[in-house]
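Any value given below was found using the heavy atoms of this structure, including those in side chains, with hydrogens, waters and symmetry copies removed. Please read all numbers here as calculations on a predicted model, not as lab measurements.
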Amino acid sequence: MQSHDWIFGAQAGGDEWLLFVCCLTAITALPLALRWVPPNRFYGFKTKFTLSDPALWYAANAFTGRAMVGASIVSAAIIAYGPRYGTGWSAIAVVMAPVAIATLAGFVYLRHLHETAQRR
């Protein structure tokens, strides 16, 4: 067992890069989840709708940021405690599937925000 394996319970054999991707995703999503990122065109969940109102920007980005952090945690747990994935398509899928679900959830939430705003 490698010296850092106790941190994640990771198995030796090439899954470390997957854990790195999970950490990178969580680190980039955390400022969004904490509402630290003001409306901008470079970083965040950008649509015409979210850019139209700062309150909508913060709500959509906070939700999607939390979903991405959660997706990263789920992926890291699967990688750390599941079978070895190495570098194949299954390795990419174990990281991308939760991220895709989190992104879809962000769009569903954005639609909810849009419908709520139309009712006002």
Side-chain angles (χ1 to χ4, degrees):
M1 184 182 283
Q2 296 178 2
S3 62
H4 65 279
D5 285 351
W6 65 272
I7 296 171
F8 295 109
Q11 304 163 352
D15 291 343
E16 293 83 11
W17 74 275
L18 294 170
L19 291 173
F20 174 76
V21 171
C22 292
C23 289
L24 187 62
T25 303
I27 288 168
T28 58
L30 192 59
L32 298 171
L34 296 174
R35 298 174 183 251
W36 290 349
V37 180
N40 68 83
R41 296 197 178 275
F42 304 106
Y43 174 49
F45 192 40
K46 310 175 295 286
T47 67
K48 283 184 181 183
F49 184 63
T50 59
L51 290 172
S52 70
D53 181 5
L56 296 171
W57 168 271
Y58 286 111
N61 278 278
F63 178 87
T64 306
R66 287 190 307 266
M68 288 293 185
V69 170
S72 299
I73 292 169
V74 167
S75 292
I78 292 169
I79 293 162
Y81 299 107
R84 291 181 21 199
Y85 291 97
T87 59
W89 285 107
S90 61
I92 295 169
V94 79
V95 173
M96 292 309 296
V99 168
I101 292 168
T103 303
L104 179 63
F107 278 108
V108 169
Y109 184 70
L110 186 60
R111 183 175 181 177
H112 167 73
L113 288 175
H114 194 277
E115 290 172 355
T116 303
Q118 285 180 338
R119 282 187 232 140
R120 290 181 188 175

Colleague: At their closest point, which heavy atom of Ala76 faces which heavy atom of Cys22, and how far apart are they?
Modeller: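 Looking at all heavy atoms of both residues, the shortest contact is N-SG, 3.7 Å.
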Colleague: Using the rule that Ile, Leu, Val, Met, Phe, Trp and Tyr join whenever any side-chain heavy atoms are under 4.5 Å apart, tell me whether Trp17 and Ile78 fall into a single cluster.
Modeller: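 Same hydrophobic cluster.
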Colleague: Check whether Trp89 and Ile101 end up in the same hydrophobic cluster, where Ile, Leu, Val, Met, Phe, Trp and Tyr are linked by side-chain heavy atoms less than 4.5 Å apart.
Modeller: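 Trp89 and Ile101: separate clusters.
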Colleague: Say whether Ile92 and Ile79 are linked into one hydrophobic cluster, either directly or through other cluster members, by side-chain heavy-atom distances under 4.5 angstrom.
Modeller: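 Linked within one cluster.
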Colleague: Mind listing the closest non-hydrogen atom pair of Phe49 and Leu56 along with its distance?
Modeller: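 Smallest heavy-atom distance, with atoms named: CZ-CD1, 3.3 Å.
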Colleague: Minimum heavy-atom separation for Pro98 to Val94, with atom names?
Modeller: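 The pair with the smallest heavy-atom distance is CD-O, 3.3 Å.
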Colleague: Give, for atom SG of Cys23 and atom CD1 of Ile73, the distance between the pair rounded to the nearest 0.5 Å.
Modeller: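 Answer for the SG-CD1 pair, Cys23 versus Ile73, is 10.0 Å.
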Colleague: Under the side chain to side chain donor-acceptor pair (under 3.5 Å) definition, can you give me all pairs with a residue in residues 22-48, not counting sequence neighbours?
Modeller: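 Only Thr47-Thr50 qualify under side chain to side chain donor-acceptor pair (under 3.5 Å).
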Colleague: Mind checking what makes ring pair (Phe, Tyr, Trp, His ring centres under 6.0 Å) contact with Phe20, not counting sequence neighbours?
Modeller: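 Expected list: none.
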Colleague: Do Ser75 side-chain atoms and Ser72 backbone N/O form a donor-acceptor pair below 3.5 Å?
Modeller: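 Absent.
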Colleague: Sort and list the pairs that fulfil side chain to side chain donor-acceptor pair (under 3.5 Å) and have at least one residue in residues 103-113, not counting sequence neighbours.
Modeller: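 Qualifying pairs: Arg111-Glu115.
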Colleague: Donor-acceptor pairs under 3.5 Å, side chain of residues 58-70 to any protein atom, not counting sequence neighbours: which ones?
Modeller:
{"from": "Asn61", "atom 1": "OD1", "to": "Phe45", "atom 2": "N", "distance (Å)": "2.5"}
{"from": "Asn61", "atom 1": "ND2", "to": "Trp57", "atom 2": "O", "distance (Å)": "2.8"}
{"from": "Thr64", "atom 1": "OG1", "to": "Ala60", "atom 2": "O", "distance (Å)": "2.9"}

Colleague: Check the hydrophobic clustering (I, L, V, M, F, W, Y; side-chain heavy atoms under 4.5 Å; chains of links allowed) and say if Val37 and Leu34 are grouped together.
Modeller: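 No.
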